Amino acid sequence: MAGKDVSALTDVHGRPLHDLRISVMDRCNFRCPYCMPEATYHEHFRFLEPKERLSFDEIERVARVAVSLGVRKLRLTGGEPLLRPKLPELVARLASIDGVEDIALTTNGVLLERHVAELKAAGLNRVTVSLDSLDPAVFARMSGGRAQLDPVLEAIDSAAAEGFSGGVKLNTVIQRGLNDEGVESLAERFRHSGVVLRFIEYMDVGTRNHWERAEVVPSRELLERLETLWPLEPVDAQYRGEVARRYRYCDGGGEVGFISSVTAPFCGDCSRARLSSEGQLYTCLFASEGTDLRTLLRSSDDDAALRALLAEVWRQRTDRYSEERAASSDAPARRRIEMNYIGG
């Protein structure tokens with residue numbers, strides 16, 4: 001019966017539910033200007049109280065039901081997920097769910113080194129670290145003056161040495177006039193390291209980063225710059241819905257990827273749902289509204305009802321925001337959920 005339901009669960013555009021991204025914490029110890037600018041997220045900003053966030057029991061319950069509907073990959077995000085106490089415990093609980101094939105973590109890296117061994121032992125498969133520059137001054141600016149570069153680089157090295165089955169990736173958001181001059185330095189630093197660097201086009205996530213299209217550096221431009229130094233060849237996608245276009249250094253230096261949601265939207269293959277810290281389910285990174293799961297989780301033990309709700313939300317899903325943005329440069333702006341609630 002489960003197999004029948006899984007095969008039937010697709011959205012309006014025929015996209016399956018395969019990935020669930022779980023935000024375990026709305027707070028962050030950075031103030032990156034493209035995500036949580038200091039002017040908005042100041043010391044008096046009201047974040048969620050602990051009781052407002054989903055508990056580990058509630059997160060595990062949603063994950064188990066989502067897996068019964070076809071989800072195979074789970075990613076823990078924030079805010080900064082390592083601010084959530086006892087996170088390895090949650091990893092272990094998720095890893096015990098029959099049918100889960102991959103558990104990943106996205107982090108800014110500041111707290112990673114102290115937890116990396118425990119996370120690996122708990123069953124974490126992959127780590128993605130956000131790293132926007134190797135220039136200490138630019139790094140400080142892009143983190144809102146909240147961190148130093150060297151501890152993050154040390155944490156990346158420690159994670160690579162730990163031997164995660166899915167490896168270590170770096171996500172670098174490139175913003176013209178801010179950190180675009182450091183692209184080649186980043187590529188050179190991580191070639192031959194086993195760490196996969198991925199460049200991300202600056203996106204209009206949320207409503208508070210004052211996004212301008214002129215600040216987007218197209219992936220094609222970055223690819224051409226790297227190819228003048230190191231010849232690259234394309235690599236086939238590993239699965240439907242893979243967001244990064246992958247390239248291999250011809251000299252054996254490893255891989256580099258490009259995530260191009262502005263200039264080359266990939267909505268047509270998007271298989272991701274997102275669970276916010278307070279239990280709202282979103283079916284798009286750029287969504288305006290979510291579906292409240294917390295009320296049902298706290299008022300009923302009926303997993304059948306939860307399963308029916310998740311299935312209904314996915315079957316009615318029509319989201320294709322990035323494609324619509326690309327098709328119409330004068331599309332009206334709309335309210336969007338902020339990234340610190342649902343991760344990247």
Side-chain angles (χ1 to χ4, degrees), residues 19 21 32 34-35 73 75 77 104 106 108 126-135 138 142 156 166-205 209 211-272 284-286 320-323 325-327 339 343-344:
D19 306 75
R21 301 195 168 188
C32 301
Y34 58 79
C35 179
K73 300 172 68 174
R75 178 180 292 273
T77 71
T106 298
N108 61 34
R126 292 186 292 133
V127 175
T128 298
V129 179
S130 299
L131 178 68
D132 293 327
S133 179
L134 290 177
D135 182 314
V138 175
M142 295 196 74
I156 292 168
V168 177
K169 293 183 174 66
L170 304 182
N171 281 350
T172 301
V173 176
I174 299 298
Q175 190 172 349
R176 193 178 299 280
L178 184 54
N179 66 332
D180 53 316
E181 292 185 358
V183 167
E184 291 83 356
S185 296
L186 276 160
E188 184 173 23
R189 166 66 173 77
F190 292 103
R191 274 169 34 84
H192 298 286
S193 70
V195 174
V196 177
L197 180 62
R198 303 192 299 187
F199 295 107
I200 302 175
E201 291 180 343
Y202 175 48
M203 294 181 288
D204 49 336
V205 292
N209 67 359
W211 183 82
E212 296 287 344
R213 188 177 290 269
E215 296 176 336
V216 176
V217 181
S219 295
R220 172 53 58 181
E221 178 181 327
L222 299 180
L223 175 61
E224 291 173 355
R225 284 169 54 180
L226 293 186
E227 283 190 312
T228 64
L229 298 174
W230 309 286
L232 292 159
E233 59 183 4
V235 178
D236 291 338
Q238 295 174 306
Y239 53 88
R240 178 186 176 184
E242 185 173 28
V243 299
R245 293 187 177 180
R246 300 160 54 225
Y247 290 81
R248 178 190 300 115
Y249 291 108
C250 295
D251 65 359
E255 287 189 11
V256 64
F258 300 89
I259 298 176
S260 317
S261 71
V262 178
T263 63
F266 38 82
C267 302
D269 284 329
C270 179
S271 59
R272 293 174 294 283
C284 180
L285 178 61
F286 304 95
R320 46 186 296 272
Y321 171 80
S322 291
E323 291 179 347
R325 175 187 56 204
M339 188 190 278

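Here the structure is a predicted model, which means the values were calculated and not measured.
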A.B. asks: Just wondering, do Thr128 and Arg198 contact through their side chains at under 4.5 Å, heavy atoms?
C.D. replies: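 Touching, per the 4.5 Å side-chain cut-off.
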A.B. asks: I'd like to check the salt bridge (charged side-chain N to carboxylate O under 4.0 Å, His left out) partners of Arg189; sequence neighbours left out, ordered by chain and number.
C.D. replies: Asp157
A.B. asks: Between Phe199 and Leu226, is there a side-chain heavy-atom distance shorter than 4.5 Å?
C.D. replies: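 In contact.
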A.B. asks: What residues, two or more places apart in sequence or in another chain, satisfy side-chain hydrogen bond (donor to acceptor under 3.5 Å, both in side chains) together with Ser219?
C.D. replies: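 Partners of Ser219 under the side-chain hydrogen bond (donor to acceptor under 3.5 Å, both in side chains) test: Glu201, Ser260.
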A.B. asks: Contact between Arg126 and Arg75 at the side-chain level, heavy atoms closer than 4.5 Å - yes or no?
C.D. replies: yes
A.B. asks: Just to verify, what does Arg246 make a salt bridge (charged side-chain N to carboxylate O under 4.0 Å, His left out) with, not counting sequence neighbours?
C.D. replies: Glu242, Glu255
A.B. asks: Quick one: list whatever passes side-chain hydrogen bond (donor to acceptor under 3.5 Å, both in side chains) with Gln238, sequence neighbours left out.
C.D. replies: none
A.B. asks: State which residue, out of Val195, Val256, Val168, Thr172, fulfils the side-chain contact (heavy atoms from CB on, under 4.5 Å) condition with Phe190.
C.D. replies: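 Only one of Val195, Val256, Val168, Thr172 forms a side-chain contact (heavy atoms from CB on, under 4.5 Å) with Phe190, namely Val195.
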A.B. asks: Residues two or more places apart in sequence or in another chain: which of them pass salt bridge (charged side-chain N to carboxylate O under 4.0 Å, His left out) with Glu184?
C.D. replies: Arg225
A.B. asks: Could you check whether atom CD of Glu224 has more than 12 heavy atoms from other residues, nucleotides or ligands sitting under 6.0 Å from it?
C.D. replies: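 Correct, the count exceeds 12.
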A.B. asks: List for me each residue that meets salt bridge (charged side-chain N to carboxylate O under 4.0 Å, His left out) alongside Arg245, sequence neighbours excluded, and say none if there are none.
C.D. replies: none
A.B. asks: Do Leu131 and Leu197 touch side chain to side chain, with heavy atoms closer than 4.5 Å?
C.D. replies: no
